[in-house]
Protein chains: 2
Amino acid sequence: MPELTERAQFLLKALTERYIRDGQPVGSRTLARDAGLTLSPATIRNAMADLEDLGLVSSPHTSSGRIPTVLGYRMFVDTLLSVQRLDDSVVERLRDTLNIKKDSQNLLQKASNLLSDATRLAGIVTLPRREHEALQRVEFLPLSDKKVLAILVISDKEVRNSILHTEREYSASELQQYSNFLNEQFGGKELSAVRALLVSELRETRENLNRMMATALDMADQVLGEAEQGSDYVLAGQTNLMEFQELCNVSTLRHLFEAFNEKSQILHLLDQCVENEGVQIFIGEESGYQMLDECSVVTAPYTVEGKVLGVLGVIGPTRMAYERVIPIVDATARILSAALNSRD
Amino acid sequence: MPELTERAQFLLKALTERYIRDGQPVGSRTLARDAGLTLSPATIRNAMADLEDLGLVSSPHTSSGRIPTVLGYRMFVDTLLSVQRLDDSVVERLRDTLNIKKDSQNLLQKASNLLSDATRLAGIVTLPRREHEALQRVEFLPLSDKKVLAILVISDKEVRNSILHTEREYSASELQQYSNFLNEQFGGKELSAVRALLVSELRETRENLNRMMATALDMADQVLGEAEQGSDYVLAGQTNLMEFQELCNVSTLRHLFEAFNEKSQILHLLDQCVENEGVQIFIGEESGYQMLDECSVVTAPYTVEGKVLGVLGVIGPTRMAYERVIPIVDATARILSAALNSRD
DNA sequence: GGTTAGCACTCGGGCGCGGGGAGTGCTAAA
DNA sequence: TTTAGCACTCCCCGCGCCCGAGTGCTAACC
């Protein structure tokens, strides 16, 4: 990263802020007025030429003002940005909305809506990863006609059930035996571990197991298979993106929306944010995905009991109000984490 | 509806088909060549002038070809359309995809995808209405720490559960008593009836009821409240709509997509289709919703055991290939109904 | 009478032109 | 080092232009 004189930094900051504000390339005259410095446009022009040489700004054509490059934005958010303190009322609102007691799916949807409302961008929240969930308990309930309801208690917040199709009818007490067996064997273990154990056990001892055991294992495996489905996310406020000039041509929008539907690419990007804690920002091409070339993504992981469960964030044009967006994403992540933790 | 000479009908049909094919206003010369009739452009012009007087076609400006009006489309789909017979392979594909055994949520999503894929438009499927579902059984399971898992068995296909927060801990046997009571009282009744009964019973006899009954009713009410959430739909292939010239300006798209997110208006429209059986079509303004002015909606209800559960369909530009779309929507509705019926 | 050829007319779209404006780089002076 | 001055560049916008496609009307034709 090249070193800049204080003035150059100041100008880059002013230019970027101005450009973010009204989306027009910023000229030397405007900047001179804007910056508050008592410098003539000519001086500014010299400084801008330097910034251009360093690759921090560029001009769309010969005689127009400058706009920040990706590198310019990078420096802006990394070292120049003065992050706004969040208005208490906003925090209050976030907290209020997320503190209602609801199932987590609903909570994430709410969070996504909040993000998109507060930033006027698209909000995104990944569903919690399931890998490290532990199996608390399994219960089986007989339904009519060779069907069994399996209930998988993962925590006091997460319960999943699935309907199994069996080859014969089972009595309640018989099913009770099975679940007892499974709970004894696997209760408290991580789902992935349970699955692995089940598979190996099925392979090793299938011949020797009596019919009951085999069925129990089959059932559990069937349920686990469903429980460990692929990751996903909830999205809100995509339409907000249609308000921005720079995204407003149909082909750009189409690629973006197709990526939203496709999910895999976006998920892959968000997955990278799981490791780093705190707010993380991808500017334009940095994401490595073409459809996001003119977008920035601001993310933060959310946690329960210290473990990162998922990622939330916003997607918007590179020209977004970072100083407002960053604290919102940050706060939402914290508050969502708190809500997930404290729920009784 | 005005009566038309055979020739006028033929010309309207040819014109509409042509316009649907390539989206350009159709001129007399083109139509003369296209129609297969050995008529000169001048003759066609006369006939077109008549059609215009009847409000069936219009020209965007003085010297351009004609395009069908909403009325023209209406006559086209009602009396002129030669619906294509569906290719068997397509039916096969529909049937294959919908016959996998999956929970209904998943099935509807699949159906929506199929619709959008097969028509290259946006597919939509409303979630089944819940009103007439009967409560088969309720079970309670103690979780740790003053929490109780309530399981609501609605049918062999639908099970919902929710976690209740109680004021004290309950033993398994105590909970068993509650569920027995509820099952005796309400088993087999419709959810709405159950709810009504509960409310009145709570009001009338609250004072006299012992604590157990009250808790049981509270619990059940809490669960039912969640179960009877508002209606909803699954959507697929919105991005397909971005391919059409006539929808391709950002503001039109925005209104459309906002309506998709909003859901209430679209749902209201779809609700109208529940009553009529078979395929139903709204062309342009006919829907009564502004954001659909340049769109048509083709719907068909799907049923289980003769009862209409929901509606599916597609949304696309008025200029859509009705003769292809209609049988696809029709077939999908039938096949989805069959799949929902036959699932074991 | 229905059909057709001919003709004048209309309108949208594409193209080139020219002027104005915003902004630049360079040079030379303060 | 900063600044004023100046020539230059390029976008944008409006204007006039022409071309082509298509129309309506009229008059002739079968």
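Source: prediction; values computed, not measured. What you see below is based on every heavy atom in this structure, not just the backbone, and it leaves out hydrogens, waters and symmetry mates. Every chain is numbered from 1 and lettered A, B, ... according to where its sequence line falls, protein lines coming before strand lines.
Between the base of D:dT3 and the side chain of A:Ser40 there is no donor-acceptor pair shorter than 3.5 Å. Within 3.5 Å, no donor on the side chain of A:Arg29 pairs with an acceptor on the base of C:dG23, nor the reverse. For B:Thr43 against C:dT3, no side-chain N or O and base N or O form a donor-acceptor pair under 3.5 Å.
The distance between atom CD1 of A:Ile44 and atom P of C:dA22, rounded to the nearest whole Å, is 18 Å. Atom CG in A:Leu39 sits roughly 6 Å away from atom P in D:dT3 (whole-Å rounding). Atom CG of A:Leu15 is separated from atom C1' of C:dG23 by 13 Å (rounded to the nearest Å). Following rounding to the nearest Å, A:Asn46 (CG) and C:dT24 (P) show an atom-to-atom distance of 11 Å. Between B:His61 atom NE2 and C:dG12 atom P the separation is 6 Å, expressed in whole Å. When rounded to the nearest whole Å, the span between CZ of A:Arg18 and P of C:dA22 equals 13 Å. The CZ-P distance, from B:Arg66 to D:dA21, rounds to 17 Å in whole Å. Rounded to an integer number of Å, the gap from B:Gln24 CD to D:dA21 C1' is 11 Å.
With contacts defined as side-chain heavy-atom distances shorter than 4.5 Å, the pair B:Asn261/A:Gln238 qualifies. Counting only heavy atoms from C-beta outward, the side chains of A:Pro41 and A:Thr30 never approach each other to under 4.5 Å.
Counting non-hydrogen atoms under 4.0 angstrom, A:Thr38 reaches the backbone sugars and phosphates but no base. Residue B:Ser28 is classed as a sugar-phosphate contact, given heavy-atom separations below 4.0 Å to backbone atoms only.
Heavy-atom nearest nucleotides on DNA chain C were determined for B:Arg45 and for B:Thr62, and the one closer to the 5' end corresponds to B:Arg45. Taking the nucleotide of DNA chain D with the nearest heavy atom to each of B:Gly65 and B:Ala42, the more 5' of the two is matched to B:Gly65.
When all heavy atoms are compared, the tightest approach of A:Ser82 to A:Lys13 is OG-NZ, 3.5 Å.
Within 6.0 Å of CD on A:Gln245 lie no more than 12 heavy atoms contributed by other residues, nucleotides or ligands. Crowding of B:Glu243 atom CD: a count of heavy atoms from other residues, nucleotides or ligands under 6.0 Å exceeding 12.
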